[in-house]
Amino acid sequence: MKKLQLLFVAITLLFSVNAKADDTINSSLDLNNPDVRKCLLEATQSEGWTLESLYLDSEKKVVMIFGKENETRVYKSK
């Protein structure tokens, strides 16, 4: 029974780690639209996030990196 409980805990931790990793890069936003960028900035600032970096990558896509304490969120245009 203990082995089954340990297996369940390990699987639960594995899924929680994977879910957090999926939230790291969000590429469903059209960051080429200035209104979308403005809304994203306002929404993140209201939650305590700060814009750490804004640049164009090698594929000419807008990348915005936000930070809050020890967390980082990356948004990339589609």
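Scope of the values below: all heavy atoms of this structure, side chains included, with no hydrogens, waters or symmetry mates. Every value quoted in this text rests on a predicted model; they were computed, and no experiment measured them.
Taking CG from Asn33 and SG from Cys39, the interatomic distance works out to 8.5 Å, rounded to the nearest 0.5 Å. Rounding to the nearest 0.5 Å places CD of Glu59 at 9.5 Å from OG of Ser77.
Side-chain atoms of Lys68 and Glu52, non-hydrogen and from C-beta on, never get closer than 4.5 Å to each other. Residues Val74 and Met64 fail the side-chain proximity criterion, which asks for heavy atoms closer than 4.5 Å.
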Please step through side-chain contact (heavy atoms from CB on, under 4.5 Å) for the pair Tyr55 and Ile65, ending with a clear verdict. CA-CA 9 Å; Tyr55 62 91; Ile65 301 174; 3.9 Å; yes

Audit row: Val63, Tyr75, side-chain contact (heavy atoms from CB on, under 4.5 Å) steps and yes/no: CA-CA 6 Å; Val63 178; Tyr75 293 87; over 6 Å; no

Please evaluate residues Leu40 and Leu29 with respect to the criterion side-chain contact (heavy atoms from CB on, under 4.5 Å), reporting the C-alpha separation (whole Å), side-chain torsions for both, the decisive distance (0.1 Å), and the verdict. CA-CA 9 Å; Leu40 180 60; Leu29 299 174; 4.2 Å; yes

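Of the candidates Leu54, Thr50, Thr72, Leu41, Phe66 forms a side chain to side chain contact (heavy atoms under 4.5 Å, CB included) with just one, namely Leu41.
Atom CD of Glu69 has 12 or fewer heavy atoms from other residues, nucleotides or ligands within 6.0 Å.
Under the 4.0 Å criterion applied to side-chain N and carboxylate O atoms, Asp30 and Lys78 are not assigned as salt-bridge partners.
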